[in-house]
Amino acid sequence: MDETLERGAAERSARGSTNTSYCEDEHTDHSERDHDDDERPLPLREFYPYIRCALCNGYFIDATTITECLHTFCKSCIVKHFFYSNRCPNCAIVVHQTQPLYNIRPDRQLQDIVFKMVPYLEGDERSRICEFYKKRGLEVPKAVAAPAVSPVKLPPRQRRDMLPQSVFTIPSELDMSLMLEFLGAEEGIANYKPLERKYVRVSGEATIHHVELFIRRKMELSPNYKVDVVCGEHLLEHCQSLREVCNTLGKHALQDGMLVLHFGLVLPAQ
């Protein structure tokens, strides 16, 4: 009888050890499966909201971020957009009243991530750039390499000049300076604000009509008032572009490198 009890105790002990071992193995298997699930590969489409431009719906090329709202687009896309609007395409915030291109910055880290995530994208884009320049008989811009690290501490301006530049450049005509001089208002015109900011920078493609709209908004003018814009002794037409005015009137239209426009408020002819 004692032998039977000892044999039963031994069998129970063996079963307990087996169960414990099974539970440990099962726990280990679950842990490994959970670990594998955490590192499972994700399809590229799940990253689309973060690596594609909302304007062209393609992958970011020369990714550029608006500093006011941190929305990112292809540089060429956002530059074209700012020819017609000063608002962010995503959230409609006013980026800058007159020169939204001042408030965009290249996002090179994001662009590097996109090139690493999308195979062949960088090489294909470089091929398209070369083809674009060759078709037009222009010199193909060389790929810009990052500057070598130097132990010498350089002045801030020199360090900025050494940063790699984009193959896309902002057109020079986006850098026109204006000086708006108020001549006065015709008798009977009242209730308008003074123009507090008479120095502005605009695109050379902007027209006199755009200048009038700017004046109306800043001075909160009634739509019943008419704005006459003059350069020298010439009354300017609404359809004339600022670059056209500069080319037509030459140096006589400039003062210290700025295009000087005089404007007055008049009542419409009855």
Side-chain angles (χ1 to χ4, degrees), residues 55-56 64 66 68 73-89 92-104 136 138 168-270:
L55 289 173
C56 68
T64 301
I66 298 174
E68 296 298 304
F73 308 89
C74 300
K75 185 169 185 177
S76 59
C77 293
I78 195 62
V79 168
K80 290 176 185 176
H81 172 81
F82 283 152
F83 271 108
Y84 310 102
S85 173
N86 63 353
R87 294 180 177 272
C88 170
I93 188 175
V94 175
V95 178
H96 191 282
Q97 286 290 351
T98 58
Q99 189 53 277
L101 289 172
Y102 288 164
N103 289 353
I104 60 176
R136 289 157 179 79
L138 303 173
F168 298 102
T169 57
I170 298 175
S172 58
E173 60 265 21
L174 291 179
D175 260 344
M176 180 167 290
S177 299
L178 293 183
M179 182 167 64
L180 303 175
E181 292 285 2
F182 182 41
L183 296 176
E186 193 175 55
E187 187 177 353
I189 297 179
N191 300 324
Y192 58 85
K193 291 177 60 176
L195 184 65
E196 298 176 353
R197 182 181 177 184
K198 67 176 184 178
Y199 300 103
V200 294
R201 301 185 75 173
V202 296
S203 165
E205 300 299 325
T207 64
I208 300 302
H209 178 61
H210 293 126
V211 175
E212 179 188 341
L213 292 176
F214 173 77
I215 294 170
R216 286 186 177 279
R217 184 170 66 249
K218 292 299 182 181
M219 299 183 70
E220 298 181 1
L221 297 177
S222 164
N224 298 325
Y225 301 155
K226 183 182 175 185
V227 180
D228 282 345
V229 182
V230 178
C231 186
E233 299 179 354
H234 301 270
L235 179 63
L236 303 178
E237 300 291 336
H238 281 186
C239 60
Q240 287 181 275
S241 70
L242 298 177
R243 184 166 55 179
E244 181 184 346
V245 173
C246 281
N247 292 338
T248 303
L249 301 180
K251 295 181 179 179
H252 301 289
L254 301 177
Q255 178 179 321
D256 297 328
M258 292 183 291
L259 177 62
V260 182
L261 301 178
H262 296 82
F263 69 96
L265 309 182
V266 297
L267 293 171
Q270 299 297 327

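Sorted by first and then second residue, the pairs that involve residues 227-238 and meet side chain to side chain donor-acceptor pair (under 3.5 Å), not counting sequence neighbours, are E212-H238.
For the ring pair (Phe, Tyr, Trp, His ring centres under 6.0 Å) test, no residue two or more places apart in sequence or in another chain qualifies with F214. Applying the side chain to side chain contact (heavy atoms under 4.5 Å, CB included) rule to Y199 yields the partners M179, M258; only residues at least two apart in sequence or on another chain are considered. Remark: S85 engages H81, R87 in a side chain to side chain contact (heavy atoms under 4.5 Å, CB included) (not counting sequence neighbours). For the side chain to side chain contact (heavy atoms under 4.5 Å, CB included) test, residues two or more places apart in sequence or in another chain that qualify with Q97 are N86, V94, R217, K218.
At least one side-chain heavy atom of T98 sits under 4.5 Å from a side-chain heavy atom of R197. Counting only heavy atoms from C-beta outward, the side chains of E244 and N247 never approach each other to under 4.5 Å.
R216 places a side-chain N or O within donor-acceptor distance of the main-chain N or O of S222, the cut-off being under 3.5 Å.
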Could you walk me through whether L242 and V211 pass the side-chain contact (heavy atoms from CB on, under 4.5 Å) check?
-> CA-CA 9 Å; L242 298 177; V211 175; 4.0 Å; yes
C231 vs L259, side-chain contact (heavy atoms from CB on, under 4.5 Å): CA-CA, chis, key distance, verdict = CA-CA 8 Å; C231 186; L259 177 62; 4.1 Å; yes
Begin with the C-alpha distance, continue with both residues' side-chain angles, and end with the deciding distance and a verdict on side-chain contact (heavy atoms from CB on, under 4.5 Å) for L261 and V230.
-> CA-CA 6 Å; L261 301 178; V230 178; over 6 Å; no
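Here L101 contributes atom CG and K75 contributes atom NZ; the two are 9.0 Å apart, rounded to the nearest 0.5 Å. Interatomic distance, NE2 of H96 versus CG of N103, reported as 5.5 Å (0.5 Å rounding). Taking CD1 of I104 as the reference point, atom SG of C88 lies at 11.5 Å (rounded to 0.5 Å). Taking CG of L265 as the start and OH of Y225 as the end, the distance is 8.5 Å to the nearest 0.5 Å.
Scanning all heavy atoms of the two residues, the minimum distance from A253 to L249 falls at CB-CB, 3.8 Å. Heavy atoms only, all atoms of each residue included: H262 and V260 are closest at CE1-CG1, 3.6 Å. Residue P89 comes nearest to L55 through the heavy atom pair CB-CD2, 3.7 Å, listed as atom of the first residue, atom of the second, then distance.
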Sequence neighbours left out, cut at 3.5 Å: what donor-acceptor pairs do the side chains of residues 180-195 make with other protein atoms?
from: E181; atom 1: OE2; to: K198; atom 2: NZ; distance (Å): 3.2
from: E186; atom 1: OE1; to: L267; atom 2: N; distance (Å): 2.8

